Amino acid sequence: MNFVSTRDHTHIVTAAEAILRGLAPDGGLYVPTDYPRFTPEQISAMQELSYAALAAEVITPYLPGFTKEEVLTFTEAAYAPFRNPAVAPLHRLDDSTHVLELYHGPTCAFKDFALQMLPRLIPASVRKTGGKDTVAILVATSGDTGKAALEGFADVEGVKIGVFYPHGGVSEIQRLQMATQTGNNVNVFAIEGNFDDAQTGVKNIFGDADMADALKEKGIVLSSANSINWGRLAPQIAYYFAAYAQLLKNGTIKPGDPVDFSVPTGNFGDILAGWFAKKSGLPVGKLICASNKNNILTDFLGSGIYDRRRDFHLTMSPSMDILISSNLERLLYLLTGDSAQVAAWMAELKQEGRYTITAELLEKMAQEGFLAFCADEAETAKVIRSTFDTYDYALDPHTAVGLSALQQYRAKANENRVSVVLSTASPFKFAEAMLHCLQQPVPEEGFAQLDALEGYIAQKAPAPLADLRQKPVRFDRVIAKETMPQAVLDWLTR
Ligand SMILES: *Cc1c(COP(=O)(O)O)cnc(C)c1O
């Protein structure tokens, strides 16, 4: 198995090369040329494995050139700091509705699953490809990726990490998490613009040959920790298997029973990992793509028209405030096998702001299990409130969008199959929005909000968030988006 670019299937690289480059030179994303398969017996046997062992089993075949022993040392180190022994525990709401808590890692969002692995995969990939350069990782973040990447890469030898986030576009707790980051190899920039501006700025830097030359002279190569990197996507496939294994173990399902997954979606990475799990033999039924008011994917999966010429909304689920879902490109390529067509659609998106897929491809996506629903702010708040009232369980706003989408699907399809909602963040990351949704008084100050939420839902805030109180702010620069390349050069070559 190798990897090819979604925009040029004749461009072939190894897993290590795909991880180091992040993005293909033609602007495409790397995809595997094959799908590893797990038998029903192998899947059943996963019930008995620790999360680290299960993850090594699932991820290794997706990283050809890495041994299982090697990957196991990575997963054991990556998932050791998680605050729950199950790493990705399943919480039962009722017989058919389960929540996969993916927020027990160091930064309290699901991004930790991949970004505790990537800092191990990148240095290993440098070794495998015989490189000697310093790797500079640039990240555009809508809030959670940035912190998870900073935490994962802080003080990792041979790596520097720089993060760009939209000024005013992240929650107060998210901002503090990044602004207080420790480590000698880290830098954080707020930009005047939204997430798409940050992501476009980073993509442009990657495409800038002059910049690459200037950095190369200093022995530095750029790479990406955004979910366009295969090293981000592969680790996420594992927790779909872990959810299924837990449902088997607690007797909710029998081997082979299909399970639907509802996934709060932004860049389409998390849900695509679920589709890879399905291609690898996991009995995944529907893959419900849940969006907030930025419902471009709901429209796309309904009509086949991807049209980004629309208003951008800031919502209380900021990690899903995205109009360009990069990982969708992978699915388009893998379902058509036509890299020239994908390149043409992406060029159209860049130039005209829209593209239209064929009716046949749209139908194929539905056959693969993809469905989409969206929830606006009022609906999200209603779901947070009703879930707390009914089940005494606090869902963060992203997860609430996911549960709403599941409920909408069930109502429409008259279906009540065993389902898992991926819970992508701790509610304490969004304390202000939570209090608002739960119709509680909202204190002015961020930490007072944490205290108030602790009191109301009778649960302690995770230590990494509570501890922010004692941490000094190190980064408070706000820059114009046009100056991103210069800021990167200044930082890396000074
Ligand atoms: C990143 C993120 C998402 C969206 O995940 P994608 O892989 O970008 O689709 C959803 N919820 C939270 C809390 C996130 O941090």
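Heavy-atom basis, side chains included; hydrogens, waters and symmetry copies ignored. Since the structure is predicted, the reported quantities are computational estimates derived from the model, not experimental observations. Ligands are counted one by one from 1 in listed order, and the atoms in each one are counted from 1 as well.
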ask   = How far apart are the closest heavy atoms of F370 and L301, and which atoms are they?
value = CB-CD2, 4.2 Å
remark   = What one should report as the nearest heavy-atom pair of V401 and S317 is CG2-OG, 4.2 Å
ask   = Of the protein's non-hydrogen atoms, which lies at the shortest distance from atom 5 (O) of ligand 1, and what is that distance?
value = F110 CZ, 3.5 Å
ask   = Among all protein non-hydrogen atoms, which one is nearest to atom 10 (C) of ligand 1, and what is the separation to 0.1 Å?
value = P264 O, 3.5 Å
request  = List every atom of ligand 1 that sits less than 4.0 Å from any heavy atom of T265, numbering the atoms from 1 in the order shown and giving each element.
outcome  = 9 (O)
query = Looking only at atom types and distance, does a side-chain atom of Y240 sit under 3.5 Å from a main-chain N or O of F261, one as donor and one as acceptor?
reply = no
task = With sequence neighbours excluded, tell me which residues meet salt bridge (Lys or Arg N to Asp or Glu O under 4.0 Å) with E172.
result = R175
query = Is there at least one pair of N or O atoms, one from G269 and one from ligand 1, spaced under 3.5 Å apart?
reply = yes
query = Is Q236 in polar range of ligand 1, meaning some N or O pair under 3.5 Å apart?
reply = no
ask   = Given L102, N267, D112, V263, which one has a non-hydrogen atom that is nearest to atom 6 (P) of ligand 1?
value = N267
request  = Can you sort out which atoms of ligand 1 are near D144, meaning under 4.0 Å from one of its heavy atoms?
outcome  = 12 (C), 13 (C), 14 (C), 15 (O)
inquiry  = Tell me whether S339 contacts the main-chain N or O of Y333 through its side chain, where contact means a donor paired with an acceptor under 3.5 Å.
reply    = no
key: Sub-4.0 Å atoms of ligand 1 with respect to non-hydrogen atoms of A425   = 13 (C)
request  = List the closest protein heavy-atom neighbour of atom 7 (O) of ligand 1: residue, atom name, distance to the nearest 0.1 Å.
outcome  = D270 N, 2.9 Å
request  = Using the six-membered ring wherever Trp is involved, compare the ring planes of W275 and Y35 and label them parallel, tilted or perpendicular (cut-offs 30° and 60°).
outcome  = perpendicular
key: Taking atom 14 (C) of ligand 1 as the reference point, the nearest protein heavy atom with its distance   = K111 NZ, 2.8 Å
query = How far is atom 12 (C) of ligand 1 from its nearest protein heavy atom, and which residue and atom is that?
reply = T424 OG1, 3.3 Å
note = atom 4 (C) of ligand 1 sits nearest the protein heavy atom G266 N, 3.5 Å
inquiry  = Is there a side-chain contact (heavy atoms from CB on, under 4.5 Å) between I237 and F241? Walk through the geometry before answering.
reply    = CA-CA 7 Å; I237 302 169; F241 283 85; 3.9 Å; yes
inquiry  = For F113 and Y239, take the angle between the two ring planes, folded into 0 to 90°, and tell me which bin it lands in: parallel under 30, tilted 30 to 60, perpendicular over 60.
reply    = perpendicular
